[in-house]
Amino acid sequence: KSLKRIKMSYKNQRNRKQHLKEIKRMGLYLKKYWKHPKFSTEAKTAWWDNEISHARAIWTMHKRKKGAKILKNLIKEKEIPPYGHAYALFILASMEIEKKDFNKAISYLNKANSIEFKDKKLREKISWSIGWNLFLLNKFKESASYFNKENKKNNSYFFNLKLKFWESIALEKMGKEKKAEALWMDIYKKNPYSYYGIISRLKLNKPFEPFDSSPLSSEQIQSEESKLIDFFISTDEIKLAKKFLSKKSSYAKSISELKRLIPLYNKLKWHKGLLNKFYSIEA
């Protein structure tokens, strides 16, 4: 953990040379424990992650070939864990995308997708990248079909909105406007205030309707929080009011409690905080 934090401190400082030095130091440290009876598995898993960081760090220093060589050597190893194997292939695919070799990228991505591992976020990145690379190759029919297939087998709400939207764009490129419009309408109805919901509305050329600006209810006006916000406003303690409201909202245990607090952001004219809190609510 100490070595990891030292490594990250140099990364955050954008000191690439020292960051690379610390990655190598950590690699050597972990190698010592490869045959340790107690720490072998833990050391090996950490070593794979560190080596992928090594390849990525070299890549950011504009040494793509050298970074790719490290990753190619890694995936040859028999003991490489499934997640590390899939992630190394995903990074190799990203390097090919940078070279604009989309066919090679798809080849790596398909190999990564065939590996059994548990990490949902990486699975989504790989899945999305396959469809996106087909799109970049102007294979719009294959891209639309792939996004559609992934959407049906996936249960991630927001990821499915993304898949559906890009299926619609591939359909639009094929000249199938009506099918694309049906998808945009579906996305908009499902979540009108999400990123893809808003873009779908724009694609449909439909005007946006303003929110109903209902006044605060008597319960909200009488609440302790509302009285405190009024006090902070009257004493020109806006920064303190924002801190108070932000803290109070972070302790909210239910959506109904958040709904009671959100109008107070508007009372403060703190619209950025209001939107941030609004989008923290489950779809």
Test: ring-ring contact (aromatic ring centres under 6.0 Å, His included). Region: residues 68-87. Which pairs qualify, not counting sequence neighbours? Tyr83-Tyr87

Would you tabulate the side-chain donor-acceptor contacts of residues 245-257 under 3.5 Å, counting partners in other chains and residues two or more places apart, or write 'none'?
| unit_1 | atom_1 | unit_2 | atom_2 | d |
| --- | --- | --- | --- | --- |
| Ser249 | OG | Leu245 | O | 2.9 |
| Ser249 | OG | Tyr265 | OH | 2.9 |
| Ser250 | OG | Lys247 | O | 2.6 |
| Ser254 | OG | Ser256 | OG | 3.0 |
| Ser254 | OG | Glu257 | N | 3.2 |
| Glu257 | OE1 | Lys253 | N | 3.2 |

Between Thr235 and Leu240, is any pair of side-chain heavy atoms under 4.5 Å apart? no

Can Leu264 and Lys267 be said to form a side-chain contact (heavy atoms from CB on, under 4.5 Å), step by step? CA-CA 5 Å; Leu264 300 178; Lys267 200 175 191 182; 4.2 Å; yes

Heavy-atom side-chain proximity of Lys152 to Asn148 below 4.5 angstrom: yes

Taking the side chain as every heavy atom from C-beta outward, state whether Gln18 and Lys21 have any atom pair closer than 4.5 Å. yes

Do the side chain of Ser280 and the main chain of Lys277 share a donor and acceptor less than 3.5 angstrom apart? yes

Beyond-backbone contact of Leu163 with Tyr146, side-chain heavy atoms, under 4.5 angstrom: no

Are there over 12 heavy-atom neighbours, none belonging to Phe231, within less than 6.0 Å of that residue's CZ? no

Can you find a side-chain donor-acceptor pair between Lys7 and Asn50 that sits under 3.5 Å? yes

Those residues at least two apart in sequence (or on a different chain) that pass ring-ring contact (aromatic ring centres under 6.0 Å, His included) with Tyr195 are none

List the residues meeting side chain to side chain donor-acceptor pair (under 3.5 Å) with Glu51, not counting sequence neighbours, and say none if there are none. none

Please tell me if the side chains of Leu89 and Leu109 come closer than 4.5 Å, counting only heavy atoms from C-beta onward. no

Which residue pairs pass the salt bridge (charged side-chain N to carboxylate O under 4.0 Å, His left out) test with at least one member in residues 124-137, sequence neighbours excluded? none

Can you find a pair of side-chain heavy atoms, one from Glu172 and one from Lys203, that are under 4.5 Å apart? yes

Is a side-chain N or O of Asn113 found less than 3.5 angstrom from the main chain of Ile126, in a donor-acceptor match? no

Does Leu134 form a side-chain contact (heavy atoms from CB on, under 4.5 Å) with Phe147? I'd like the steps, not just the answer. CA-CA 10 Å; Leu134 288 166; Phe147 285 135; over 6 Å; no

Take a 6.0 Å sphere around CZ of Arg123 and say whether it holds more than 12 heavy atoms from other residues, nucleotides or ligands. yes

Among Lys149, Glu150, Lys153, exactly one meets side-chain hydrogen bond (donor to acceptor under 3.5 Å, both in side chains) together with Ser127. Which residue is that? Glu150

With distance as the sole test, does Asn276 use its side chain to make a donor-acceptor pair with the main-chain N or O of Lys272 at under 3.5 Å? no

So, Arg16 side chain and Thr60 main chain: donor-acceptor pair closer than 3.5 Å or not? yes

Working note: Met185 + Lys206, criterion side-chain contact (heavy atoms from CB on, under 4.5 Å); need CA distance, chi angles, decisive distance, verdict. CA-CA 10 Å; Met185 186 56 77; Lys206 287 187 179 287; 3.2 Å; yes

Can you say whether the rings of Trp132 and Trp166 are parallel (under 30°), tilted (30 to 60°) or perpendicular (over 60°)? perpendicular

Hey, quick one: are Ile52 and Ile75 part of the same hydrophobic cluster, counting side-chain heavy atoms closer than 4.5 Å, chains of contacts allowed? yes

If the condition is salt bridge (charged side-chain N to carboxylate O under 4.0 Å, His left out), which residues does Glu98 pass it with, not counting sequence neighbours? Arg64

Identify the residue among Leu3, Ile6, Asp49 that makes a side chain to side chain contact (heavy atoms under 4.5 Å, CB included) with Met26. Leu3

Would you tabulate the side-chain donor-acceptor contacts of residues 99-108 under 3.5 Å, counting partners in other chains and residues two or more places apart, or write 'none'?
| unit_1 | atom_1 | unit_2 | atom_2 | d |
| --- | --- | --- | --- | --- |
| Lys99 | NZ | Glu96 | OE1 | 3.3 |
| Lys99 | NZ | Glu96 | OE2 | 3.4 |
| Asp101 | OD1 | Lys104 | N | 3.2 |

Taking everything shown except Gln13 itself, do over 12 heavy atoms lie less than 6.0 Å from its CD? yes

Under 6.0 Å from the NZ atom of Lys63, do we count more than 12 heavy atoms belonging to anything else shown? no

Tyr33: which residues meet the ring-ring contact (aromatic ring centres under 6.0 Å, His included) condition with it, sequence neighbours left out? Tyr29, His36

Centroid-centroid under 6.0 Å between Phe278 and Tyr193 rings: yes

Please tell me if the side chains of Tyr196 and Tyr188 come closer than 4.5 Å, counting only heavy atoms from C-beta onward. no

Under the side-chain contact (heavy atoms from CB on, under 4.5 Å) criterion, do Ile115 and Lys111 qualify, and how do the steps go? CA-CA 7 Å; Ile115 296 166; Lys111 283 177 187 174; 5.9 Å; no

Just jot down the ring-ring contact (aromatic ring centres under 6.0 Å, His included) partners of Trp47, sequence neighbours excluded, or say none. Trp34

Residues which pass salt bridge (charged side-chain N to carboxylate O under 4.0 Å, His left out) with Lys164, listed by chain and number, not counting sequence neighbours: Asp186

Residues pairing under side-chain hydrogen bond (donor to acceptor under 3.5 Å, both in side chains) where one sits in residues 174-183, two or more places apart or in two chains, turn out to be none

Quick test of your reading: applying salt bridge (charged side-chain N to carboxylate O under 4.0 Å, His left out), list the pairs with at least one residue in residues 72-87, sequence neighbours left out, ordered by first then second residue. Lys44-Glu79

Same cluster or not: are Ile80 and Ile91 linked, directly or through other Ile, Leu, Val, Met, Phe, Trp or Tyr residues, by side-chain heavy atoms under 4.5 angstrom apart? yes

